[in-house]
Amino acid sequence: MAFDYDLFVIGGGSGGVRSARLAASEGAKVALAEEYRMGGTCVIRGCVPKKLMVYASGYPTQIEDARSYGWDAQIGDFSWQTFRGKLHAELDRLEGIYKNILSSNGVEAFDARAEVVDAHTVKLSSGQTFTAKHILVAVGGRPFKPDMPGAEHAITSNEIFLLDELPKSILIVGGGFIACEFACILNGLGVDVTQFYRGEQILRGFDGEACDHIAGEMRENGVNLHVGTNIASMTKVDGGLEVEGTNGDTATYEHVMFATGRVPVTDGLGLENAGVELGRKGQVIVDEYSQTAVPSIYAVGDVTDRINLTPVAIREGVAFVETVFKGNPTPVDHELVASAVFTQPEFGTVGMTEEEAQNYGPVEIYATSFKPMQSSFAGRADKVMMKLIVAKDTRKVLGCHIVADHAGEMIQLAGIAVKMGATKEDFDRTCAVHPVMAEELVTMKSPVRET
Ligand code: NDP
């Protein structure tokens, strides 16, 4: 049977665009449909604008530090309008690059919503129908808002980049990546930030000691963080939303932002009718090759809810093209994926947490906490934390956790060593770079605990 395309990709985010480009460069006839803006969550309303806001929010501290270093520096007012204008111009530029990548590789792009009709057919919102030998679902996720009265007045991370004015106050609900990052960003930009997290400690699932350290620094920096707290009721009032917390406090916030997780956007996509299996959250169930229950339909990225990170979606796309278009079946490697949480201070992490190590076997914990030279000189109280989890039997470094400025940069490099299976002794025989914070990673002599 002759198909219109060898591959039809649904979704123009990181995973979809990379897969489309690579398949096309292998000579495949490829089309891609995107219903919103090319670039997806990462470029348009995620990693990229978030990181630019992280930079923007860091300047007050840097200027304060500059004064401590002898500069006659003054911090003026922050203009959200100036920043937002530049931010959106940058996002437009990046979207243009994504469009160019597709056209220069011969991928036919459709600005339309696509739905799956059957194993080899997609239907676009424009009314067109196409057949394809393979369909790749890469539609990503969207923020999830809990169902509660007043929730319709609350915003999510999607809207935060579009606000006309920076609010004077905000309540952020959630304790994950997005909640903690935006609590720090908005606090740095001068917004009065309150954060409610329903559990015991923010960043559940990460190394507990690192989370305690970050929570302490966030509070120290001015975030009004309440753990074990959720919204009891929320009412629209003049000037914002009046919220009663489960801790009994009532306050009015100009905005309430839910950062209560993300869900795959598979509703109405026609996948179940085509025979694709979906999980409880609506995620597409795939095997290690990203293949669904329908052999011609694959899925990559957040829609599969495996590890929801841009570089992972890209890797899944690369492995998909290797498997399907290069005749080289390649399972996706989800082991030891390093990541960074852009809180202030930043958190870089790879591998096992101390809590996970309890189920692993005997381990040694190496940890240190110290005042970094730069901020100590400036009179700031912040502390850096570094931690290694080491297997007693193999001596392998199973986990590395860093809370420090630029921890994201550090963990990328430490992640190579951990992925290679480096032992504590490999770390030890690596000569320190001096004077940098990361030298502590190779100079921790004795374990602080053994379990
Ligand atoms: P997460 O799943 O990380 O966190 C969701 C948070 O919301 C948790 O603290 C959860 O609490 C809480 N929550 C869930 N439901 C409710 C509810 N009904 N009421 C109150 N609280 C609730 O999601 P995020 O939205 O923060 O991030 C989504 C994903 O995006 C991340 O997992 C990550 O993969 C990715 N991401 C990565 C970033 C990076 O690499 N730097 C940055 C931003 C996002 P509980 O812990 O109790 O379940």
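On a predicted model such as this, the values are computed, not experimentally measured, just so you know. Atoms within a ligand are numbered from 1 in the order they appear, just like the ligands themselves.
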### Task
Have a look at ligand 1 and work out which part of I202, if any, has a heavy atom under 4.0 Å from it: side chain, backbone, both or neither.
neither
### Message
Are more than 12 heavy atoms, taken from residues, nucleotides or ligands other than M420, located less than 6.0 Å from that residue's CE atom?
### Response
no
### Message
For atom 29 (C) of ligand 1, what is the closest protein heavy atom, and at what distance to 0.1 Å?
### Response
R262 CD, 4.3 Å
### Minimum-distance protein heavy atom relative to atom 42 (C) of ligand 1
E181 OE1, 3.3 Å
#### Entry: Trace of the side chain to side chain contact (heavy atoms under 4.5 Å, CB included) decision for C184 with M218
CA-CA 7 Å; C184 294; M218 283 171 64; 3.6 Å; yes
### Query
Which atoms from ligand 1 have a heavy atom of A259 less than 4.0 Å away?
5 (C), 6 (C), 7 (O)
### Query
Is F370 atom CZ crowded by more than 12 heavy atoms from other residues, nucleotides or ligands, each under 6.0 Å away?
yes
### Task
Take atom CZ of R315 as the centre, draw a 6.0 Å sphere, and report whether it contains more than 12 heavy atoms from other residues, nucleotides or ligands.
no
### Query
Rounded to the nearest 0.5 Å, how far does CD of E115 lie from CG of L124?
9.5 Å
### Query
Are V303 and V265 side-chain neighbours, meaning at least one heavy-atom pair lies under 4.5 Å?
no
### Message
If I apply the N/O under 3.5 Å rule, does G176 come out as touching ligand 1?
### Response
yes
### Y366 six-ring face occupied by K424 cation (under 6.0 Å, within 45°)
yes
### Query
Taking heavy atoms and a distance under 4.0 Å, where does N230 meet ligand 1: side chain, backbone, both or neither?
side chain
### Query
In ligand 1, which numbered atoms sit nearer than 4.0 Å to a non-hydrogen atom of K50?
41 (N), 42 (C)
### Query
In the protein, what heavy atom is nearest to atom 7 (O) of ligand 1, and what distance, to one decimal place, separates them?
T260 CA, 3.1 Å
### Query
Any N or O of G261 that comes nearer than 3.5 Å to an N or O of ligand 1?
yes
### Query
When you measure from atom 47 (O) of ligand 1 to every protein heavy atom, which one gives the shortest distance, and what is it?
R198 NE, 2.9 Å
### Task
May I ask you to identify, for P143, whether its side chain, its backbone, both or neither come under 4.0 Å of ligand 1 on a heavy-atom basis?
neither
#### Entry: Protein heavy atom at shortest distance from atom 31 (C) of ligand 1
F177 CD1, 3.6 Å
### Query
So does E64 have more than 12 non-hydrogen atoms from other groups sitting under 6.0 Å from CD?
no
### Message
Tell me the protein heavy atom at minimum distance from atom 48 (O) of ligand 1, and give that distance in Å.
### Response
R204 NH2, 2.8 Å
### Task
Record the part of F196 in heavy-atom contact with ligand 1 below 4.0 Å; permitted values are side chain, backbone, both and neither.
neither
### Query
Out of V341, T229, I178, whose heavy atom is nearest to atom 26 (O) of ligand 1?
I178
### Query
Going by distance only, is there an N or O of G175 that falls short of 3.5 Å from an N or O of ligand 1?
yes
#### Entry: Where ligand 1 meets A340 - atom numbers and elements under 4.0 angstrom, heavy-atom basis
39 (C), 40 (O), 41 (N)
#### Entry: Atom pair CE (M410) and CD (E440), whose distance is rounded to the nearest 0.5 Å
10.5 Å
### Query
With atoms numbered from 1 as shown, which atoms in ligand 1 lie under 4.0 angstrom from a non-hydrogen atom of N308?
33 (C), 34 (O), 35 (C)
### Query
In Å, rounded to the nearest 0.5 Å, how long is the span from CG of L94 to CD of E90?
4.5 Å
### Query
What distance do T250 atom OG1 and M234 atom CE have between them, rounded to the nearest 0.5 Å?
13.0 Å
#### Entry: F325/H134 aromatic ring centres below 6.0 Å
yes
### Task
For P146, counting its heavy atoms only, list the atoms of ligand 1 lying under 4.0 Å from any of them.
17 (C), 18 (N)
